[in-house]
Amino acid sequence: MKRFYKQAEAAACEGGHTVHLDGRPIRTPAKAPLVVPTPALAGAIRDEWAAQGDKIDPDSMGFMTLAATTIDRVIPNHAAVAAEAAGYAGSDLLCYRAESPPELATRQAEAWDPVLEWARDRYDVTFTVTAGLMPVDQPEETRARFLTVAQGYDPFALTAVHVMTTACGSFLLALAIAEGRLSAEQGLDASRIDETYQEELWGLDDEAQARKERLRREVGQAAEFLRKAG
């Protein structure tokens with residue numbers, strides 16, 4: 001799309017903050033008013049619009065995309081999105097350990113055990129940890145607790161947590177990032193221990209490298225979106 005405006009400005013509005021393009025408030029792809037909760041997030045979105053060249057590149061507008069996703073998809077479906085994110089805790093990555101080689105199992109334990117211990121203490125839950133890929137059921141109380149946690153996030157925070165959960169394959173890692181227990185980079189690295197081990201053995205092809213970079217951008221931007229929206 002060709003750039004159709006000269007100036008982008010953040011502005012207060014009814015219910016929060018928005019961005020004006022040449023004086024007109026912007027809308028989401030579903031034509032809803034773009035209203036975000038903080039001036040920091042509105043400013044970040046304004047900066048994305050202001051940085052566009054002669055053509056608008058949606059892929060360079062991560063904050064705008066996350067805000068629009070919140071308004072168009074998460075707010076109308078909050079319960080379903082919360083359930084989807086919390087559902088990862090029922091078969092969380094951190095509960096499935098390699099049986100071999102010993103080095104990989106050690107790396108998993110070193111990275112994942114502290115997060116599980118933090119989650120146990122933080123949320124008063126228990127986990128079933130297993131070796132191998134056969135599915136195990138987590139305690140009903142644990143799954144119910146994490147559903148309540150997910151439901152407690154406001155829509156903007158839930159959007160960020162959902163993105164981090166799907167990118168990391170772990171609700172627990174997403175919570176650890178959201179609550180400052182891990183940085184975005186640490187959380188993603190913890191989610192990729194198996195892949196990193198294989199990369200060290202066999203190398204990294206272009207497709208895998210592109211996926212790795214994409215996930216790093218997604219998790220990093222979601223964590224920053226959460227910070228700015230809070």
Side-chain angles (χ1 to χ4, degrees), residues 1 13-19 25-42 44-46 48-49 56 58-95 119 122-123 125 135 137-179 184 187-188 191 211 214-230:
M1 179 190 298
C13 67
E14 183 178 355
H17 303 267
T18 190
V19 174
I26 60 177
R27 291 181 174 268
T28 69
K31 308 303 181 184
L34 187 95
V35 180
V36 299
T38 65
L41 183 53
I45 296 170
R46 172 206 59 210
E48 290 179 336
W49 284 98
I56 296 174
D59 290 340
S60 69
M61 303 174 73
F63 293 124
M64 175 66 194
T65 298
L66 289 169
T69 298
T70 302
I71 294 165
D72 289 346
R73 300 181 183 179
V74 176
I75 289 176
N77 302 287
H78 189 278
V81 175
E84 184 175 339
Y88 278 72
S91 55
D92 204 89
L93 170 71
L94 306 194
C95 295
R122 172 72 176 85
Y123 298 106
V125 293
D137 291 330
Q138 296 301 325
E140 175 62 30
E141 295 82 1
T142 297
R143 289 184 280 122
R145 176 72 175 107
F146 285 126
L147 178 58
T148 299
V149 170
Q151 291 172 335
Y153 280 112
D154 69 71
F156 286 86
L158 181 58
T159 297
V161 169
H162 186 275
V163 168
M164 293 189 291
T165 297
T166 56
C168 293
S170 168
F171 187 61
L172 300 182
L173 289 176
L175 291 182
I177 298 169
E179 299 198 20
L188 184 63
S191 76
R211 181 177 183 275
R214 175 179 58 79
L215 291 174
R216 197 165 298 281
R217 285 194 303 272
E218 287 181 1
V219 174
Q221 191 134 52
E224 186 65 9
F225 179 83
L226 177 63
R227 186 182 71 81
K228 290 182 181 300

**Q** Is it the case that atom CZ in R211 sees more than 12 heavy atoms from other parts of the structure closer than 6.0 Å?
**A**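 No, CZ of R211 has 12 or fewer neighbouring heavy atoms, counting only those of other groups under 6.0 Å.
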**Q** Which atom pairs, donor and acceptor, lie under 3.5 Å between side-chain atoms of residues 81-91 and protein residues at least two apart or in another chain?
**A**
from : atom 1 : to   : atom 2 : distance (Å)
E84  : OE2    : H162 : NE2    : 3.4

**Q** One pair to check against side-chain contact (heavy atoms from CB on, under 4.5 Å): V35 and C13. What are the steps and the verdict?
**A** CA-CA 8 Å; V35 180; C13 67; 3.9 Å; yes
**Q** Show your reasoning for whether side-chain contact (heavy atoms from CB on, under 4.5 Å) applies to W49 and I26.
**A** CA-CA 10 Å; W49 284 98; I26 60 177; 3.5 Å; yes
**Q** Output, in order, the C-alpha distance, side-chain angles, deciding distance and verdict of side-chain contact (heavy atoms from CB on, under 4.5 Å) for L66 and F156.
**A** CA-CA 8 Å; L66 289 169; F156 286 86; over 6 Å; no
**Q** Check G62 against Q221 and note the closest heavy-atom contact, atom names and distance.
**A**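 For G62 versus Q221, the nearest heavy atoms are CA-OE1, 3.3 Å.
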**Q** Drop me the distance from D92's CG to L173's CG, to the nearest 0.5 angstrom.
**A** 6.5 Å
**Q** Any salt bridge (charged side-chain N to carboxylate O under 4.0 Å, His left out) pairs touching residues 219-230, not counting sequence neighbours?
**A**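 Passing the test, one end in residues 219-230: E224-R227, E224-K228.
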**Q** Under the salt bridge (charged side-chain N to carboxylate O under 4.0 Å, His left out) test, which residues partner R122, sequence neighbours left out?
**A** E179
**Q** Under a 3.5 Å distance rule, please check whether T18 uses its side chain to pair with a backbone N or O of L34 as donor and acceptor.
**A** yes
**Q** Sorted by first residue and then second, give each salt bridge (charged side-chain N to carboxylate O under 4.0 Å, His left out) pair with at least one member in residues 58-77; sequence neighbours left out.
**A** none
**Q** Would you give the length of the straight line joining atom CD1 of I75 to atom OG1 of T159, rounded to the nearest 0.5 angstrom?
**A**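 I75 CD1 to T159 OG1: 8.0 Å, rounded to 0.5 Å.
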**Q** Under a 3.5 Å distance rule, please check whether E218 uses its side chain to pair with a backbone N or O of A167 as donor and acceptor.
**A** no
**Q** Under the rule for ring pair (Phe, Tyr, Trp, His ring centres under 6.0 Å), what residues qualify as partners of F171, not counting sequence neighbours?
**A**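 So F171 forms a ring pair (Phe, Tyr, Trp, His ring centres under 6.0 Å) with F146.
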**Q** Spell out, as yes or no, whether a donor-acceptor pair under 3.5 Å connects the side chain of T70 to the backbone of V74.
**A**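 Absent.
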**Q** Check V219 against C168 and note the closest heavy-atom contact, atom names and distance.
**A**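 That would be CG2-SG, 4.2 Å.
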**Q** Check whether any side-chain N or O of H17 sits under 3.5 Å from a backbone N or O of A40 as a donor-acceptor pair, and report yes or no.
**A** no
**Q** Could you state the interatomic distance from OG1 (T28) to CE (M64), rounded to the nearest 0.5 Å?
**A** 7.0 Å
**Q** Mind listing the closest non-hydrogen atom pair of A119 and V125 along with its distance?
**A** O-CG2, 3.7 Å
**Q** Determine the minimum heavy-atom distance between A67 and F225, stating which atoms define it.
**A**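 Between these two residues, the closest heavy atoms are N-CE1, 3.6 Å.
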**Q** How many angstroms lie between CG in L158 and CG in N77, if you round to the nearest 0.5 Å?
**A** 10.5 Å
**Q** Sequence neighbours left out, what pairs pass salt bridge (charged side-chain N to carboxylate O under 4.0 Å, His left out) with at least one residue falling in residues 139-162?
**A**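 Pairs touching residues 139-162 that pass the test: E140-R143.
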**Q** What heavy-atom pair brings I177 and G187 nearest, and what distance separates the two atoms?
**A**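 Closest approach of I177 to G187: CD1-CA, 3.9 Å.
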**Q** Of all the heavy-atom pairs spanning H78 and Y153, show the shortest one and how long it is.
**A**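 The pair with the smallest heavy-atom distance is NE2-O, 2.7 Å.
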